[in-house]
Amino acid sequence: MHKQIKVILTLFLMAIQSMAIAQEKDSIGTETVTVVKAFKPTVADAFKLKAVPILNDSIVLKKKKIKYSIFSVPVASTFTPAKGKAANVEKRPAPTLYNSYASLGLGNFNNALVDFYTSRSFNRGQDRFDVGFNHHSSRGDIDGSALDNVFYNTKLNTSYTKKDRDFEWGAALGLQHQIYNWYGIPDGAFTPDIINGIDERQSYFNAQISGHISVEDSFFKRADLLLRRFGDATDSGENRAIFNATIELPITEELVTINTKLDYVGGTFENAILSNAANTPEINYSHFQVGVNPSLLVLRDDLTLNLGANLVYGVDTENSDSDFFIFPAITASYRLMDESVIAYGGVEGELRQNSYYDFVGENPFVSPTLSIMPTDQQYDAYIGLKGQLLPNLSYNIKGSYSAENRRPLFILNPQNLFRNDEKGYNFGNSFRVFYDDIKTLGIFAELNIDVNRNFSLGINAEVYDYDTETDNPAWNLPNVTGSVFLDYQINENWFLGANLFYVGEREDFSSQVVQNVLPADFPATRITLDGFFDANAHVGYRFNQQLSVFLKASNIANNSYQRWANFPVQSFQVLAGATYKFDF
């Protein structure tokens with residue numbers, strides 16, 4: 001054992017000595033190694049398991065061969081596949097568009113309707129010229145009225161527009177002639193001699209020109225101008241000029257809009273108010289307004305907010321009086337549930353310019369002895385909900401509260417038998433304007449249903465409560481109104497429509513002039529006008545794309561109601577006619 005250990009130690013020492021001698025002779029110097037290609041491992045370099053490992057087992061089961069056999073029986077068949085063809089889709093021909101149409105209708109009470117319109121575009125659609133003519137008249141008698149009730153309304157409108165790449169401008173001319181009769185005298189109210197001596201016919205004449213210009217990609221967006229001359233058969237005359245301009249200034253993510261307005265109205269009535277026993281003095285009026293309406297539009301996800309104010313400087317040049325007004329102009333809407341529920345509200349105000357033309361449009365039986373002054377609408381606050389409950393069902397609910405100073409109300413003129421005016425409007429058969437300060441609480445609801453593209457139905461209702469400064473009723477203003485309308489395209493040929501509206505009770509009063517007595521002490525009687533329903537309908541048939549016939553019925557229920565005190569309406573009315581479209 002000891003010998004073996006000595007031999008191992010001797011060999012180990014000899015190996016160490018030889019390695020030391022070799023290292024002394026062979027020294028490794030400094031060398032530079034250049035890598036020609038970096039090592040890029042690939043999947044092929046990795047060790048792969050074989051799909052079928054080799055088993056090294058003493059017992060290896062051998063796969064048994066399986067033989068398959070198919071028992072086939074021939075089957076006789078006469079089926080022959082046919083090539084498929086795409087189904088034919090029935091295409092409707094595109095409707096032909098005509099640039100003109102003419103309509104003519106006649107009915108009982110000598111009712112007549114004429115309507116014509118044509119539109120011509122040229123210069124590749126950049127220029128367009130439109131002409132429209134409309135006439136509606138009636139010459140039938142109304143039961144219970146001592147005077148004739150002729151009605152006549154004729155309008156002619158022409159316009160020219162030109163579109164360019166950066167701007168669009170246009171001009172229009174409008175002419176209108178109307179005839180109305182102050183027929184509000186019941187049978188037996190006066191002797192036949194007095195009735196035969198009354199000239200109850202009033203004629204209105206209107207001529208106006210207007211123009212506009214809109215600019216793209218500019219801070220100046222649009223400007224509008226209107227010049228109007230309005231007069232009547234009693235030598236009354238009124239001039240109106242309105243200029244509006246809009247400027248838009250984008251600031252960061254917001255939009256600032258500035259609307260400016262210049263509004264002038266002035267005129268003369270040759271006759272004095274009917275509370276004067278004598279027809280003096282004449283009435284002159286002149287009002288001028290300068291308004292600026294800056295607003296900031298804020299859009300945030302589901303919120304739309306418009307913050308603004310309406311600054312107006314008004315001048316009564318006839319009475320050398322002026323005043324400065326600041327009105328709110330704030331509106332907002334918020335989507336509570338996408339399109340289903342949208343909450344909206346606002347507070348707005350304005351200095352509303354009244355005119356003889358506007359009063360005639362609302363009540364054509366006014367006398368040419370009116371007092372014209374603007375209405376100070378201090379505020380109109382409202383809040384509501386609207387939306388689309390179903391794809392074919394929409395709604396709108398709104399509550400409002402407003403305060404107005406000098407709101408115009410129509411009221412019967414006093415009967416003045418001391419006057420001998422040229423026209424017969426002084427027998428209690430015309431209306432004047434009474435101004436009152438009114439606060440109004442209102443509720444409005446509306447529902448629209450589009451059953452399909454051929455049938456639509458709508459219903460709305462309004463309820464108002466008035467609080468007047470004079471403690472008088474809000475003359476001739478109803479507390480309840482409502483309407484129902486429908487439009488139905490039965491098929492390609494037949495179509496029909498109808499509307500039903502309701503107006504609630506109204507208050508008015510009649511009085512009589514007494515010499516040397518104040519108007520407040522005139523003998524007077526309060527009048528309550530009953531609420532009424534009025535139903536109207538029309539049906540038509542199209543022979544082709546050009547020719548169709550129609551039948552219109554008004555006051556179907558044959559109600560003998562009064563829209564204004566002592567002014568009954570015509571009973572059941574029928575008007576039939578035809579419409580023809582063509583290229584002109």
Side-chain angles (χ1 to χ4, degrees), residues 91-107 110-139 151-179 204-214 222 224-230 361 453-454 456 487-497 536-554 574-584:
K91 296 181 180 180
R92 292 185 178 182
T96 304
L97 300 179
Y98 299 95
N99 63 8
S100 306
Y101 76 87
S103 182
L104 174 65
L106 298 173
N110 291 322
N111 290 342
L113 175 67
V114 178
D115 199 4
F116 171 79
Y117 174 79
T118 183
S119 176
R120 296 293 304 274
S121 60
F122 45 93
N123 193 15
R124 296 182 179 179
Q126 295 183 353
D127 300 83
R128 180 174 175 175
F129 182 70
D130 298 332
V131 177
F133 175 81
N134 178 267
H135 169 83
H136 186 201
S137 62
S138 176
R139 299 180 178 276
F151 161 77
Y152 179 100
N153 187 4
T154 301
K155 293 185 291 184
L156 174 65
N157 294 293
T158 62
S159 65
Y160 172 80
T161 57
K162 181 176 179 60
K163 293 182 180 180
D164 206 343
R165 183 178 61 180
D166 299 325
F167 67 93
E168 183 245 343
W169 66 273
L173 170 66
L175 302 174
Q176 185 177 18
H177 178 212
Q178 302 176 78
I179 294 177
Y204 299 109
F205 308 94
N206 178 59
Q208 65 183 42
I209 58 174
S210 61
H212 74 274
I213 182 172
S214 8
R222 186 178 176 90
D224 298 270
L225 176 65
L226 171 66
L227 301 175
R228 175 189 294 131
R229 173 65 180 179
F230 183 72
R453 62 183 299 177
N454 296 326
S456 61
D487 190 8
Y488 184 33
Q489 182 71 39
I490 302 173
N491 53 38
E492 293 183 0
N493 302 105
W494 288 96
F495 61 92
L496 64 85
N536 308 288
H538 68 271
V539 63
Y541 181 81
R542 294 187 181 92
F543 292 98
N544 49 49
Q545 294 186 9
Q546 290 184 270
L547 180 62
S548 62
V549 294
F550 60 87
L551 179 67
K552 296 183 178 181
S554 302
V574 178
L575 186 143
T579 300
Y580 183 71
K581 300 178 183 179
F582 58 96
D583 282 324
F584 179 71

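Positions are given from 1 along the sequence. Both backbone and side-chain heavy atoms feed into the values below; hydrogens, waters and symmetry mates do not.
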Checking side chain to side chain contact (heavy atoms under 4.5 Å, CB included) for the pair Phe133/Thr154: CA distance, chi angles, key distance, verdict?
-> CA-CA 8 Å; Phe133 175 81; Thr154 301; 3.6 Å; yes

Decide yes or no on side chain to side chain contact (heavy atoms under 4.5 Å, CB included) for Lys552 and Asn536, but give the supporting numbers first.
-> CA-CA 8 Å; Lys552 296 183 178 181; Asn536 308 288; over 6 Å; no

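Between Leu226 and Ser210 the shortest heavy-atom distance is CD1-CB, 4.1 Å. Closest approach of Tyr541 to Trp494, counting heavy atoms only: CD1-CE2, 3.2 Å. Between Gly174 and Asn157, the closest heavy-atom pair is CA-OD1, 3.5 Å. Between Tyr101 and Asp115 the shortest heavy-atom distance is OH-OD2, 3.2 Å.
Between His135 and Ser137, the closest side-chain pair of non-hydrogen atoms falls below 4.5 Å. The closest side-chain heavy-atom distance from Asp487 to Phe495 is not below 4.5 Å. Taking the side chain as every heavy atom from C-beta outward, Leu175 and Phe205 never approach each other to under 4.5 Å. Between Asn206 and Arg228, the closest side-chain pair of non-hydrogen atoms falls below 4.5 Å. No side-chain heavy atom of Tyr580 sits less than 4.5 Å from a side-chain heavy atom of Leu104.
In this view, Arg542 satisfies the salt bridge (Lys or Arg N to Asp or Glu O under 4.0 Å) rule with no residue, not counting sequence neighbours. By the ring pair (Phe, Tyr, Trp, His ring centres under 6.0 Å) test, His538 pairs with no residue at all, sequence neighbours left out. Under the side chain to side chain contact (heavy atoms under 4.5 Å, CB included) criterion, Ser159 pairs with Asp130, Ala172, sequence neighbours left out. Phe230 is linked by a ring pair (Phe, Tyr, Trp, His ring centres under 6.0 Å) to Tyr204, Tyr356, Tyr357, counting only residues two or more places apart in sequence or in another chain. Contacts of Arg120 classified as salt bridge (Lys or Arg N to Asp or Glu O under 4.0 Å), with partners at least two apart in sequence or in another chain: none.
Using modelled atom types, no side-chain atom of Gln208 and backbone atom of Leu227 make a donor-acceptor pair closer than 3.5 Å.
Between atom CZ of residue Phe550 and atom OG1 of residue Thr579 there is a gap of 5.0 Å, rounded to the nearest 0.5 Å. Rounding to the nearest 0.5 Å gives a distance of 12.0 Å between CG of Leu225 and CD1 of Ile213. Annotation: the span from Gln126 atom CD to Glu168 atom CD amounts to 11.5 Å, rounded to 0.5 Å. In this structure, the separation between CZ on Arg139 and CG on Asn111 is 11.0 Å, given to the nearest 0.5 Å.
Shown here is Phe584, whose CZ atom has no more than 12 heavy atoms of other residues, nucleotides or ligands within 6.0 Å.
No side-chain donor from either of Asn134 and Tyr117 sits under 3.5 Å from a side-chain acceptor of the other. With 3.5 Å as the limit, one finds no donor-acceptor pair spanning the side chains of His212 and Ser214. If you check the side chains of Asn99 and Ser119, you find no donor sitting under 3.5 Å from an acceptor. A side-chain donor-acceptor contact under 3.5 Å links Gln176 and Asn153.
The distance between the ring centers of His136 and Phe151 falls below 6.0 angstrom.
Sorted by first and then second residue, the salt bridge (Lys or Arg N to Asp or Glu O under 4.0 Å) pairs with a member in residues 154-166 read Asp127-Lys162; sequence neighbours excluded.
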